[in-house]
Amino acid sequence: KKVIVCIQDNGKNLGAFAQSTAPGTIGAFVNNIVGFVNSNGYDGVDLDWEQNISAGQYAQLFQMLRAVMPSQLITSSMNNNASSISAAAQSASFVDQFNIMCYDMDSSSSGYSWYNDALFQNGNTQVMTCDWRVNPFLNAGVPAAKIGIGIPFYGRRWQGVTQSLVNGSFPTSTVLYKDLATDTTRWQPQYSFYDPGYKSNYLSIAPMHEFDSFTGAEEIQDIAAWIQSKGFGGAMTFSLHYEFLPGQSGDAQYPLSTPLYGAL
C-alpha cells in the first residue's frame, strides 16, 4: 500500500501555510517537505490548506513539489471556496488527486436541521451537499479523473428534532460512526432511515427527540455509483479509526471501508 504524509493548517497557526509559501521561504518549505518524505520512506504528500488561502502561492507550491517529486504522489484535500477552486484549476497538471471534503456541510447556526454529508442537492439549491462542493471544480476545468470524493466516517447529532430541514435552532454534536454503531439504545432498525433524494443515512429517534445523520452502507453504494458514473478518480475517507470496531473480526471491523472497497 502507498503511504503519504499529510500537512495541514487547521491546528494552531492558520498563517503557517501563507508564511511558508511566501517568495522568501517557499524554496526551503519545498526542500523540507521533500526531505521529510524521502527520509521517512513515504510515497508522497497530501496538502490540506483550508483557511487564509493564497491561490497563487498554493499553485506555485504544487508546481515546485511536482518538479522535485516527479513520480511520487501529490494530493490535496479541499473545500469549494474560491481560492481552493482557483488553485486547483491552476495546478491540475501537477496534482494526482484533489479530494473534495464532503462533510461538515451542516451547522446549528443555519436555522434548520441538515445532514453532515448529503450527496445531492436534489433540486434544493439552498442546502450544502457533495455535488454542490464538487461541481465548481469541474466547472473550473479540473478533470473529473483528478477528483476524489471525501467521505466522513462520523456524523452529526441534533437534539430536539427528528429529521432534516426542520426550521429552528438545535444543539448539535459530532458522533463517530464506531460510537453510533455500538450504541444499542440508538442503533436499532426502527430508528434507521435513508433519504433517497438527498442521499444520506440517518437515525430518527422519536423517544429521544433526536436526529443523527451519518454515512452508512446505503450512502456508500450511492457515492460509489456516482464516482463511477462521473469518472471521478476515487474516494478519500476521514478517518479510518472513526469506523474501527475492535469487537468484530476481519472485514467486519471496517463496516464502511469494506463496502466502499467492494463497490469500487
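Note that the numbering runs from 1 along the sequence shown for the chain.
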Could you tell me whether a side-chain N or O of [X] sits under 3.5 Å from a main-chain N or O of [Y], the two making a donor and an acceptor?
X: Gln228; Y: Ala263; result: yes
X: Asn40; Y: Phe36; result: yes
X: Thr182; Y: Lys178; result: yes
X: Thr215; Y: Pro152; result: yes
X: Asp46; Y: Val5; result: no
X: Lys230; Y: Ala144; result: no
X: Thr25; Y: Gln19; result: yes
X: Gln253; Y: Phe244; result: no
X: Thr21; Y: Tyr58; result: no
X: Asn79; Y: Ser84; result: no

According to a 4.5 Å side-chain heavy-atom criterion applied to Ile, Leu, Val, Met, Phe, Trp and Tyr, with indirect links allowed, do Leu47 and Ile149 form part of one hydrophobic cluster?
-> yes
Would you mind telling me which of Thr174, Thr172, Asp212 makes a side chain to side chain donor-acceptor pair (under 3.5 Å) with Arg157?
-> Asp212
State whether Asp117 and Arg133 are salt-bridged, where the test is any N-O pair (Lys NZ or Arg NE/NH1/NH2 against Asp/Glu carboxylate O) under 4.0 Å.
-> no
Is there a side-chain contact between [X] and [Y] in this structure, where contact means two heavy atoms from C-beta onward sitting under 4.5 Å apart?
X: Trp226; Y: Phe120; answer: yes
X: Asn52; Y: Asp9; answer: no
X: Phe17; Y: Ile53; answer: no
X: Val175; Y: Phe214; answer: no
X: Cys130; Y: Val134; answer: yes

Is the closest side-chain donor-acceptor distance between Tyr177 and Asn201 under 3.5 Å?
-> no
Any chance the side chains of Asp131 and Thr129 put a donor and an acceptor closer than 3.5 Å?
-> yes
What closest approach, in Å, do Leu245 and Pro255 show between heavy atoms, and which atom pair accounts for it?
-> CD1-CG, 3.8 Å
What are the two closest heavy atoms between Glu210 and Arg186, and how far apart are they?
->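 So the minimum-distance heavy-atom pair works out to OE2-NE, 2.5 Å.
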Take Val95 and Arg66 through the side-chain contact (heavy atoms from CB on, under 4.5 Å) test and state the conclusion after the steps.
-> CA-CA 8 Å; Val95 176; Arg66 178 53 73 202; 5.9 Å; no
Hey, mind stepping through Leu180 and Leu203 against side-chain contact (heavy atoms from CB on, under 4.5 Å) and telling me if it holds?
-> CA-CA 10 Å; Leu180 192 62; Leu203 301 180; 3.8 Å; yes
What residues join Ile4 in its hydrophobic cluster, counting side-chain heavy atom gaps under 4.5 Å, either direct or through other members?
-> Leu73
Show which residues join Trp158 in its hydrophobic cluster (side-chain heavy-atom contacts under 4.5 Å, direct or indirect), or state none.
-> Tyr112, Trp114, Tyr115, Val127, Val161, Leu165, Val166, Phe170, Phe193, Tyr198, Tyr202, Phe211
Over 60° means perpendicular and under 30° means parallel, so classify the ring planes of Tyr103 and Tyr154, tilted if in between.
->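 It falls in the perpendicular class, over 60°.
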Residues 232-243, side-chain donor-acceptor partners within the protein, below 3.5 Å, at least two apart:
| unit_1 | atom_1 | unit_2 | atom_2 | d |
| --- | --- | --- | --- | --- |
| Ser239 | OG | His241 | ND1 | 3.3 |
| Glu243 | OE1 | Leu256 | N | 2.7 |
| Glu243 | OE1 | Ser257 | N | 3.0 |
| Glu243 | OE2 | Ser257 | OG | 2.3 |

